[in-house]
Amino acid sequence: MPAAPRSFILPVLLALVLAVTTWFLWPADSALWRKVVAVVLSVGLAFQAATALGAGRQGRVPAIKAWLECLAFPLVMGAFYHLPSARGWLLLLGGWSWRFLVRNLWK
């Protein structure tokens, strides 16, 4: 059986750590679907953070862009905790707007 590529090990380990951390630190009074969405988003954050760590080899601009994009994930996670209130919708809108802004910042 061939060994896993080295570039795949860091994101998977980071995803496992963030998923378990999110599962146990998410408030217990929250609905299960909100906790599951938060875990999925934390796995996405882990892969984005691993991308940001690797983007440093490509130059300053891709690295800064990747780290700024990581900031959208906690906003969206907080949005799912507060939905369906106005605060939740504003956090969701802010998180996805931030990600869209950062993605299109240096084109």
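Here the structure is a predicted model, which is why all the values come from computation and not from measurement.
L25 is not connected to F80 by any chain of hydrophobic side-chain contacts under 4.5 Å among Ile, Leu, Val, Met, Phe, Trp and Tyr, and they are in different clusters. In terms of hydrophobic clustering, with Ile, Leu, Val, Met, Phe, Trp and Tyr side chains grouped at heavy-atom distances under 4.5 Å, F73 and W89 are assigned to a common cluster. V43 and V37 end up in different hydrophobic clusters when Ile, Leu, Val, Met, Phe, Trp and Tyr side chains are linked at under 4.5 Å. Linking ILVMFWY side-chain heavy atoms closer than 4.5 Å, directly or via other members, places L92 and L45 in a single hydrophobic cluster. With hydrophobic clusters built from ILVMFWY side chains whose heavy atoms lie under 4.5 angstrom apart, L41 does not share a cluster with F47.
Applying the side chain to side chain donor-acceptor pair (under 3.5 Å) rule to S30 yields the partners W26; only residues at least two apart in sequence or on another chain are considered. Scanning for side-chain contact (heavy atoms from CB on, under 4.5 Å) contacts around P74 gives an empty result, with sequence neighbours left out.
The nearest pair of heavy atoms linking A49 to L14 is CB-CD2, 3.9 Å. In plain terms, the two heavy atoms of W23 and V39 that are nearest each other are CE3-CG2, 3.7 Å. Of all non-hydrogen atoms in C70 and A52, the two that sit nearest each other are SG-CB, 4.5 Å. Taking every heavy atom of both residues into account, M77 and A38 meet most closely at CE-O, 3.6 Å. Heavy atoms only, all atoms of each residue included: T22 and S42 are closest at OG1-CB, 3.3 Å. Among all heavy-atom pairs drawn from W98 and L71, the shortest one is NE1-CB, 3.7 Å.
With rounding to the nearest 0.5 angstrom, the OG1 atom of T51 is 12.5 Å from the NZ atom of K65.
The other members of the hydrophobic cluster of L91, by chain and number, are L75 (side-chain heavy atoms under 4.5 Å, ILVMFWY only).
Residues R34 and L83 are in side-chain contact: their nearest non-hydrogen atoms beyond the backbone lie under 4.5 Å apart.
The backbone N or O of A72 sits nowhere less than 3.5 Å from a side-chain atom of R99 that would complete a donor-acceptor pair. A donor-acceptor pair under 3.5 Å links the side-chain atoms of Q48 to the main chain of A66, judged by distance alone.
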